[in-house]
Structure formats: C-alpha cells, structure tokens
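Have a look at the structure below, then the notes.
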Amino acid sequence: MIEYFTLAIVLIVISLLVSMFRILREYERGVIFLLGRFQKVKGPGLIIVIPFIQQMVRTDLRTIVLDVPSQDVISRDNVSVKVNAVLYFRVMDPQNAVINVENFYAATSQLAQTTLRSVLGKHDLDNMLASRDELNEDIQEILDAQTDAWGIKVSNVEIKHVDLDDSMIRVIARQAEAERTRRAKIIHAEGEQQASKRLLEAARTLSKRSEALQLRYLQTLTDISNDKTNTIVFPVDLLRDLQKTVAGAETPEPEDEDEGEETAAAHSSSEFPDTSSVLGGDEEAKA
C-alpha cells in the first residue's frame, strides 16, 4: 500500500514539474499573474510557470485582420447607404491588452463599428465615394487614440464597399450624364469661339488680295469634287458678284459714268478671260 502511495506521489510530482515548463512561440507572449496579481510578461521561448501559484495568459502579437460588418449609415445629405470596412491592428502591450479590457478583439470590433457610423455620418455621399483615403485616415486616427489604453495599435483602416439603393444609382447616373453634357456644350462653344477668331483672321488675309480669294474658291471646288457620289451646282453669279465687290473696293470712284463703265468692263474682261480658244483646243485634241 505504501509503495502505491509513494508511486502516486512521484507521478504527481513529475507531472507538476512537466507542467511548469511552457513554450511560447516567437509571436506569443505570456502575461504572468502571481496569486492573482500581475507579475511580468515572459516569452518567447521556454518559460517556467509554478502551478497553483502562477497563472499565464497567452497573447498573440501578430497583426489581426478584422472584417467590420456592413453598417447602415445616413450621410449628412440624408442618403442611406451600407458601408463595409476592414481593420488591421495588433497588440503592442500584452499587459494592458489583458488587464485593461476583457476581450480586446470584441471591444475593438464594436468600437470600429460605432466609429465608422459616426465618422461617415458627418460627410456627404460625394465625399464617401471620392475621398475614401481621407475618411480612412480619420477613422484610423480615432480608433488608434481610443485603443491606445488597451495596448492596441490600429495600423490601417480601409473602406471596402459603399452600397447604394437602385434608385440612388439611377439618380447618380443621370447626374453624371448631365455633367458630361454640360462639359460637351462648353467645349463645343469654346471650339466655335476659337474657330470664329481663325475665320476672321483668314478673311482679313484673303481681303488683301483678290487673287487669294479666287484661289481659295478653286481649292474649295477641288475638295468638293473628290466626292464622286454627289452632284453640286454652284451659281456663277455668286462668283461674279464677289469679284465685282472686290474690284469696286480696289478701284477708285470715276469722275463720270462713261469712265466708270469702261473701268468695270476692263475689270470684267481681266477677271473672266476668254476660254473659247481653250475650249477649241480641247475639241481639236479630242478630234
């Protein structure tokens, strides 16, 4: 009987000695309590914990990725949206993470949800969609300041989704379409203004010499003649009136009517040369 009792005591002592040795990984720390009072933080590696006297709480120091559930947010312009975000944080002080808060993971999750709703509720819908980087920084700073007492460092916050109702999506699409139409009209108006200035400069240049206007007219006829599918008719009177206007602007006023008629006849004969010889030559060439 004594032998069995001794063997049991030896086994108990051996098990106690074995349980005293704990191994902590590189990313783990052990918060040691001595008779319920905080003693120190140990790890990583092999540590000794005295049974029944000391207790150890393991703490993971790796970065934790927290998916914040979708939150119903009402923006400052009274638009209801659902916002989802992701939070990156890690334990920097294991002592405060164990002593100052019961469950730092759940506490950080609830704090992130409330902060997300409060911060986004202060901004318009356009800011939520266009200024996400600024919103992420604001949320990160607020969370980092409030979780500092828990020994937690919030490294980054990213807003993932901003879900809108179908009606709001259609309204935003119409707004974007109207904005693009406005820009197109402004660009078209600016183009017309620049073109009018260029046309005015070209008209001033062509008005200096009547030959330039005739050459431009012939160039226009050449460009139009490239299209073989259409028949274009130009009135000859239009060119004659234009030539008379240019000739009248360049010719001084005559002293009497006879001199004026002679001048007009001279200009008419100079502007419209006789093409009978040319036509005759073409007929002979064809024959």
Side chains of residues 80-91: which donor-acceptor partners sit under 3.5 Å, not counting sequence neighbours?
| unit_1 | atom_1 | unit_2 | atom_2 | d |
| --- | --- | --- | --- | --- |
| Arg90 | NE | Leu61 | O | 3.3 |
| Arg90 | NH2 | Leu61 | O | 3.2 |

Could you tabulate the donor-acceptor pairs under 3.5 Å formed by side-chain atoms of residues 28-38, not counting sequence neighbours?
| unit_1 | atom_1 | unit_2 | atom_2 | d |
| --- | --- | --- | --- | --- |
| Glu28 | OE1 | Arg25 | N | 3.3 |
| Glu28 | OE1 | Arg58 | NH1 | 2.9 |
| Arg29 | NH1 | Glu26 | O | 2.9 |

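Heavy-atom neighbours of Ile23 CD1 from other residues, nucleotides or ligands within 6.0 Å: at or below the threshold of 12. The local environment of CD in Glu134 is sparse, with at most 12 non-hydrogen atoms from other residues, nucleotides or ligands closer than 6.0 Å. Counting heavy-atom neighbours within 6.0 Å of Ile74 CD1, excluding the residue itself, gives a total of 12 or less. The number of heavy-atom neighbours closer than 6.0 Å to NZ of Lys122, taken from other residues, nucleotides and ligands shown, is 12 or below.
Grouping the Ile, Leu, Val, Met, Phe, Trp and Tyr side chains by contacts below 4.5 angstrom, directly or via other members, places Ile152 with Leu143. Taken together through direct or relayed side-chain contacts under 4.5 Å among Ile, Leu, Val, Met, Phe, Trp and Tyr, Phe104 and Ile99 form parts of separate hydrophobic clusters. Using a 4.5 Å cut-off between side-chain heavy atoms of Ile, Leu, Val, Met, Phe, Trp and Tyr, with links allowed through other members, Phe52 and Ile12 fall into the same hydrophobic cluster. Cluster annotation: Ile64 is not connected to Val98 through the hydrophobic network of ILVMFWY side chains, with a link wherever side-chain heavy atoms come within less than 4.5 Å. Hydrophobic clustering (ILVMFWY, side-chain heavy atoms < 4.5 Å, transitive): Val13 and Phe21 are in one cluster.
Taken from CG in Leu116 to CD1 in Ile159, the straight-line distance is 6.0 Å, to the nearest 0.5 Å. Taking CE of Met20 as the reference point, atom OG of Ser15 lies at 11.5 Å (rounded to 0.5 Å). Atom CG in Asp163 sits 10.0 Å away from atom CG in Asp72 (nearest 0.5 Å). Rounded to the nearest 0.5 angstrom, Gln110 CD and Asn103 CG are separated by 10.5 Å. If you take CG on Leu135 and CG on Leu129, they are separated by 10.0 Å, rounding to the nearest 0.5 Å. Atom CD1 of residue Ile48 and atom CG of residue Leu17 lie 10.0 Å apart, to the nearest 0.5 angstrom.
Every residue two or more places apart in sequence or in another chain that forms a salt bridge (charged side-chain N to carboxylate O under 4.0 Å, His left out) with Glu179 is listed here: Arg182, Arg183.
A salt bridge does not link Glu177 with Arg180: every distance from a Lys NZ or Arg NE/NH1/NH2 to an Asp or Glu carboxylate oxygen is 4.0 Å or more.
Residues Leu120 and Gln71 fail the side-chain proximity criterion, which asks for heavy atoms closer than 4.5 Å. Residues Gln113 and Pro69 have side chains in contact (heavy-atom distance under 4.5 Å, counting atoms from C-beta outward). For the pair Leu125 and Leu164, the minimum side-chain heavy-atom distance is below 4.5 Å.
What you find for Ala112 and Val68 is that their closest heavy atoms are CB-CG2, 4.0 Å. Closest approach of Ala107 to Val101, counting heavy atoms only: CB-CG2, 3.7 Å. Smallest separation of non-hydrogen atoms from Asn96 and Gly151: CB-N, 3.9 Å. The shortest non-hydrogen separation linking His123 to Val119 is ND1-O, 2.9 Å. Residue Lys42 comes nearest to Leu24 through the heavy atom pair O-CD1, 3.5 Å, listed as atom of the first residue, atom of the second, then distance.
Put simply, the side chain of Asp60 gets close to the backbone of Arg62: a donor and an acceptor are under 3.5 Å apart. Judged by distance alone, with hydrogens and angles left aside, the side-chain atoms of Asn136 form a donor-acceptor pair with the main-chain N or O of Arg132 at under 3.5 Å. A distance-only check finds no donor-acceptor pair linking the side chain of Ser109 to the backbone of Tyr105 [under 3.5 Å]. The backbone N or O of Ile50 lies less than 3.5 Å from a partner atom in the side chain of Gln54, making a donor-acceptor pair.
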